[in-house]
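So the structure is just underneath, and the comments pick up after that.
Per chain, numbering begins at 1; letters A, B, ... match sequence-line order.
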Amino acid sequence: MALSTIQNNSFADTAVHGFRNIVVNGGLIVSQRGDYTSATSYSGETYYLDRWKMWQASVSGTVQQTTVTINGVTKKAMKIVATSSATGFIGTRQKIELQNIPVGVNLVASCWVRSNNAYTRFRYNDFGGSDANSPVFTNDGNWEKVSFSIDSSSTTVNPSIGLITYDTGMVSVTSGDYIEFTDFQLEISSGSPTPFEHRPYGDELARCQRYFIKSVNSGSTSYPSSGGYSRGMYLFPVQMRASPTGSYTDLGTGGSQGGTTVNKDGFWITYESLGASQAGTFDWTMDAEL
Amino acid sequence: MMDEMNITSAQYVRHIHTQQIHQIKIILDGQEMSVPLDPANRHYAEILRQVEEGTLTIAEAV
């Protein structure tokens, strides 16, 4: 029902406010690094869909951005599938900046998940100074809404939260085992999770670009000086978390890359040995992930 | 569950104008990357960790 009048209880602590999901890209809608709508082999500790870092040990797997329907609602999701069998684990997690974690309160993580591995569960690292697993989910292949309470009272480093096939150590994973999830939320709560906070794509993209951004079309310098030098300068649409690692791929339209400088706000790149009507062109990526 | 990066080479880079060391050029998983000397950058932190561990040496800038 639309809210036509601001009421006192709209301001109450118990009201469901916006900006409450600490996780970025919890709806799996942003995928700047590439098109992963087909199953893609993944490496451990590597990013594919924005902000989600893959977990993997001893088992090969694929990652995919899927489209699913839950209770009649169509939404994006992430699916991780084991493609070999071993004692190990598959999963994914999101590392979170400590400054975004309210220390001294209880948090609750929640998501929709389906899996066929008996050990699939939440796992966090470095919340409250420790690592822990949630109880295992039902893991019968059907969608279920799951949640897990977290005490962040003594969190002192960047923590992480995610989903994994894990117990007190590695577990049996069989080729074809999978974890698929969506609507991942982490919020301040000492009780039940609130409904997933849907954010517009542009807002979610900007949050992701604090950690990673790449050129959509190629970067370019202007035409050169008489000495054959030219410089391309770029400002990032949002300030990045840290000075990012840059990757610059020359596209062979003339000249050669001379030097680069980067900080949280942008970068410049110098081309040299350019012909009179040549411009240096290049693709670039910037990575300030945790 | 530690972060492990496959860095196969590393070399300091001088700033084109100041000539001060300001980046490390690395090959990570076969791709060339320019890593700023920012302790908050995860690649720089990993370079320092591997150097401390004795598994990586950073070549001098040219």
### Message
Would you say CD of B:Glu60 has more than 12 non-hydrogen atoms from neighbouring residues, nucleotides or ligands within 6.0 angstrom?
### Response
no
### Query
Can you list the residues that meet the side chain to side chain donor-acceptor pair (under 3.5 Å) rule with A:Ser115, with sequence neighbours excluded?
A:Thr120
### Task
Name the option with the most non-hydrogen atom pairs under 4.5 Å to chain B; the candidates are A:Ser43, A:Pro244, A:Ser243, A:Ala242.
A:Ser243
### Message
Would you compute the distance between atom CE of B:Met33 and atom OG1 of A:Thr245 and round it to the nearest 0.5 angstrom?
### Response
7.0 Å
### Task
Could you pull out all residues at least two apart from A:Thr155 that satisfy side chain to side chain donor-acceptor pair (under 3.5 Å)?
none
### Query
Is it the case that more than 12 heavy atoms not belonging to B:Glu53 sit under 6.0 Å from its CD atom?
yes
### Summary
Applying salt bridge (charged side-chain N to carboxylate O under 4.0 Å, His left out) to A:Arg210 and not counting sequence neighbours gives A:Glu97
### Donor-acceptor pair between A:Ser247 and B:Gln31 side chains, under 3.5 angstrom
yes
### Query
Which distance, rounded to the nearest 0.5 Å, do you find between the CH2 of A:Trp284 and the OG of B:Ser34?
14.0 Å
### Message
Looking at B:Tyr12, I'd like to know if its OH atom is crowded, meaning that more than 12 non-hydrogen atoms belonging to other residues, nucleotides or ligands lie closer than 6.0 Å.
### Response
no
### Query
Side chains of B:Ile16 and A:Tyr229: does their closest heavy-atom pair fall under 4.5 Å?
no
### Query
Do A:Lys264 and B:Asp38 meet the salt-bridge criterion of a basic N to acidic O distance under 4.0 Å?
no
### Message
Need one label for A:Asn263: side chain, backbone, both or neither, based on atoms under 4.5 Å from any heavy atom in chain B.
### Response
neither
### Task
Pick one of side chain, backbone, both or neither for A:Trp268, based on which atoms fall under 4.5 Å of a heavy atom in chain B.
side chain
### Query
How would you list, in number order, the residues of residues 248-262 of chain A that have a heavy atom less than 4.5 Å from chain B?
A:Tyr248, A:Gly258, A:Gly259, A:Thr260, A:Thr261, A:Val262
### Task
Check whether more than 12 heavy atoms from other residues, nucleotides or ligands sit under 6.0 Å from atom CZ of A:Phe148, and answer yes or no.
yes
### Query
How about B:Arg42 and A:Glu289: do any of their side-chain heavy atoms sit closer than 4.5 Å?
yes
